[in-house]
Amino acid sequence: GLPFLCREHNQYTMIPWLSLIFGALASASMEAPGGKAPALTALEPAEWSRHLGGASCELPARSGRPNGVCLDEVALVQSQLTFCRDVVQYRACIPAHQPLWPDWNATKKDAMLARLFKGVVEKRLAKELNVTPKEFVSIHLLSNKECFTALRNALCWFNFPKCDEGNASLPLCRQSCEDFYGACKYEASGDGLFDPCRDFRIASDGLFMSGAPGQDQILGEDNVTCENAAGGGMGEQANLRGDIWLLTPPGLAVSAVVLLLLLILAYFLLVPYGLRAYVAWSLRQLILVPLSLFRRLPPLKGLTCMFILVGIFLVAVVFGIYWRTLPGQSLSARFARDNSTGDNQIFTGEGFKPAMATNEVAAATELTDVQKRRLVASCGCTGG
């Protein structure tokens with residue numbers, strides 16, 4: 001499983017504070033001399049939340065804990081994020097400011113998600129790189145940038161859910177779960193779907209087999225379109241089904257072939273015969289220049305050719321050995337170096353620990369146009 005699904009502060013941590021308040025109320029409930037009720041101004045909060053009056057939302061979605069706030073400005077949300085900045089492109093539910101925990105906010109949560117992502121990826125890569133005949137390890141993350149991207153998307157979409165038009169947090173899309181297991185090369189069932197994304201498996205094992213089932217462990221269907229996104233925003237409603245075909249790789253390839261055929265046809269119809277003959281002769285001479293130069297070379301015996309090839313091979317080997325002897329270019333030093341920080345102390349007592357920087361580019365892959373349209377237009381779930 002992937003134990004990265006975050007929960008906010010437990011509501012039961014409020015019990016000691018509630019006991020103090022109710023204890024003060026009990027002691028103050030005695031009437032003052034003269035029958036007047038005592039003043040309760042001392043019980044007023046000394047500090048109010050900065051999000052007081054904002055649209056509250058549940059974190060995580062469907063958790064029953066309205067401890068988040070919906071922010072209307074997408075740019076304001078993204079300014080507080082680093083790891084999830086490129087993924088959260090919608091009205092998001094972020095942790096609300098709480099005077100009891102003033103240091104807990106969207107920025108701290110985003111940093112925590114980055115650390116969890118790094119830890120999960122490094123642990124899985126270390127297992128996949130540890131080749132041993134005693135245990136078969138299936139390859140999911142190694143040399144698979146699509147898996148890194150799908151993992152980061154699911155992580156950010158779950159922990160920063162989208163707010164619908166009624167300021168309700170939307171759960172993770174079922175398609176996001178399917179995309180993750182498909183991108184990470186898990187084996188699908190006979191119907192093409194993945195068992196960990198089925199409702200009965202989520203109810204027993206939680207999302208992504210996390211082992212933490214609960215009411216917030218649920219997937220939503222992308223079957224509702226926001227009214228303010230229909231017919232506008234990212235494009236027409238018909239475009240929600242996918243990209244324009246002419247802008248896809250097959251469409252671009254067909255367009256290039258058709259354009260080439262049109263140019264050839266125009267060349268034969270519009271260019272005079274004499275000019276075409278001269279162009280053909282010039283191209284033929286240009287193409288035959290390497291062949292004519294090769295024919296001018298003196299003939300070589302087969303043994304001489306073999307000696308030349310062996311000499312080139314030996315020169316390449318000597319250069320490679322010399323390059324490996326340079327400081328910092330040995331295999332152990334290269335694997336031990338963290339390319340993001342330049343630190344060389346990545347080894348622990350348990351052995352090799354792969355550097356996270358190797359997959360930073362893969363994890364930072366931008367969303368596709370289809371995903372962006374779904375994020376903007378969907379009012380049924382977060383992601384797509």
Side-chain angles (χ1 to χ4, degrees), residues 1-13 57-68 81 83-84 87-88 92-95 104 106 108-128 137-142 144 146-162 169-189 193-222 356 359 363 380-384:
L2 299 176
F4 56 67
L5 304 183
C6 259
R7 299 180 184 270
E8 303 299 318
H9 292 284
N10 196 314
Q11 58 181 338
Y12 296 108
T13 57
C57 53
E58 297 175 341
L59 272 180
R62 309 289 178 85
S63 63
R65 297 188 293 271
N67 48 15
L81 308 178
F83 177 70
C84 295
V87 181
V88 180
C93 180
I94 66 172
W104 180 247
K108 292 296 182 64
K109 186 174 184 179
D110 179 78
M112 184 188 66
L113 295 179
R115 293 193 300 269
L116 290 175
F117 177 84
K118 184 175 184 293
V120 169
V121 168
E122 288 183 345
K123 184 178 180 180
R124 181 63 195 182
L125 283 179
K127 186 175 183 179
E128 294 183 4
V137 179
S138 57
I139 304 299
H140 298 298
L141 280 175
L142 193 62
N144 186 4
E146 289 80 10
C147 184
F148 286 92
T149 302
L151 174 59
R152 185 190 67 151
N153 291 348
L155 179 62
C156 294
W157 286 334
F158 178 86
N159 289 283
F160 295 106
K162 180 181 179 181
S169 302
L170 300 179
L172 188 68
C173 288
R174 189 176 304 276
Q175 186 61 43
S176 299
C177 181
E178 297 286 344
D179 290 344
F180 167 76
Y181 284 99
C184 295
K185 300 179 181 180
Y186 285 87
E187 185 176 356
S189 301
L193 302 178
F194 296 92
D195 286 340
C197 300
R198 301 183 189 274
D199 292 335
F200 72 92
R201 290 299 298 273
I202 296 174
S204 60
D205 301 323
L207 287 173
F208 302 100
M209 311 296 291
S210 61
Q215 59 182 1
D216 58 337
Q217 303 288 291
I218 187 174
L219 294 176
E221 304 294 343
D222 188 11
M356 182 58 205
N359 306 286
C381 60
T382 304

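Atoms considered below: every heavy atom in the structure, side chains included; atoms not considered: hydrogens, waters and symmetry mates.
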Student: Which atom pair, heavy atoms only, marks the closest approach of Cys93 to Gly68?
Tutor: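 Looking at all heavy atoms of both residues, the closest pair is SG-CA, 3.9 Å.
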
Student: Give a yes or no answer on whether the side chain of Lys185 reaches the backbone of Asn144 with a donor-acceptor pair at less than 3.5 Å.
Tutor: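 No: the side chain of Lys185 does not pair with the backbone of Asn144.
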
Student: Quick one, Thr382 and Phe158 - any side-chain contact, counting heavy atoms below 4.5 Å?
Tutor: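 Thr382 does not reach Phe158 side chain to side chain.
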
Student: Not counting sequence neighbours, which residues clear side-chain hydrogen bond (donor to acceptor under 3.5 Å, both in side chains) with Arg201? List them please.
Tutor: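 Checked Arg201 against side-chain hydrogen bond (donor to acceptor under 3.5 Å, both in side chains); matches are Asp205.
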
Student: Can you check side-chain contact (heavy atoms from CB on, under 4.5 Å) on Arg115 and Met112, steps first, answer last?
Tutor: CA-CA 5 Å; Arg115 293 193 300 269; Met112 184 188 66; 3.7 Å; yes

Student: Which value, rounded to the nearest 0.5 Å, describes the distance between Asp179 atom CG and Leu151 atom CG?
Tutor: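 Rounded to the nearest 0.5 Å, the CG-CG separation comes to 13.0 Å.
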
Student: Ignoring hydrogens and geometry, is there a side-chain-to-backbone donor-acceptor pair from Glu221 to Gly380 under 3.5 Å?
Tutor: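 No, the answer is negative, given that no donor and acceptor are paired below the 3.5 Å cut-off.
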
Student: To check you understand the geometry: which heavy-atom pair defines the closest contact between Pro60 and Arg65, and what is its length?
Tutor: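 Looking at all heavy atoms of both residues, the closest pair is CD-NH2, 3.5 Å.
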
Student: Can we say Glu58 and Arg62 salt-bridge, meaning some charged N sits less than 4.0 Å from an Asp/Glu carboxylate O?
Tutor: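 Looking at Arg62 together with Glu58, the answer is no, because their closest N to O distance does not fall below 4.0 Å.
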
Student: Do you know the tightest heavy-atom contact between Pro161 and Ser169?
Tutor: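 Between these two residues, the closest heavy atoms are CG-CB, 4.0 Å.
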
Student: Quick one: CG on Leu59 to CG on Asn159, what's the gap to the nearest 0.5 Å?
Tutor: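 With rounding to 0.5 Å, CG (Leu59) is 8.5 Å from CG (Asn159).
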
Student: Can you tell if the side chain of Pro95 reaches within under 4.5 Å of the side chain of Phe160, non-hydrogen atoms only?
Tutor: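 Yes. Closest side-chain heavy atoms under 4.5 Å.
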
Student: Does the pair Arg152 and Phe83 meet the rule for a side-chain contact (heavy atoms from CB on, under 4.5 Å), with working shown?
Tutor: CA-CA 9 Å; Arg152 185 190 67 151; Phe83 177 70; 3.3 Å; yes

Student: Holding to salt bridge (Lys or Arg N to Asp or Glu O under 4.0 Å), I want the full list of residues that pass it with Glu178, two or more places apart in sequence or in another chain.
Tutor: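 Result, salt bridge (Lys or Arg N to Asp or Glu O under 4.0 Å) vs Glu178: none returned.
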
Student: List the atom of Ala106, the atom of Leu81, and the distance in Å for their closest heavy-atom pair.
Tutor: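 That closest heavy-atom pairing would be O-CD2, 3.8 Å.
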
Student: Could you tell me if the side chain of Ser138 sits less than 4.5 Å from the side chain of Glu187, heavy atoms only?
Tutor: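 They are not in side-chain contact.
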
Student: Test your reading of the model: is there a side-chain donor-acceptor pair from Ser176 to the backbone of Ala154, 3.5 Å cut-off?
Tutor: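 Flag not set: sc Ser176 to bb Ala154 has no pair under 3.5 Å.
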
Student: Looking only at non-hydrogen atoms, find the nearest pair between His140 and Glu128 and report the distance.
Tutor: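 It is N-OE2, 2.9 Å.
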
Student: Any side-chain to backbone donor/acceptor pair from Asp110 onto Cys84? Under 3.5 Å, distance only.
Tutor: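 Confirmed, Asp110 side chain pairs with Cys84 backbone.
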
Student: Would you call the rings of Tyr181 and Tyr186 parallel, tilted or perpendicular, where under 30° means parallel and over 60° means perpendicular?
Tutor: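 Rings of Tyr181 and Tyr186: perpendicular, over 60°.
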
Student: Can you sort out the partners of Leu219 under side-chain contact (heavy atoms from CB on, under 4.5 Å), two or more places apart, ordered by chain and number?
Tutor: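 Only Leu172, Arg174, Cys177, Cys197, Ile202, Leu207 meet the side-chain contact (heavy atoms from CB on, under 4.5 Å) criterion with Leu219.
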
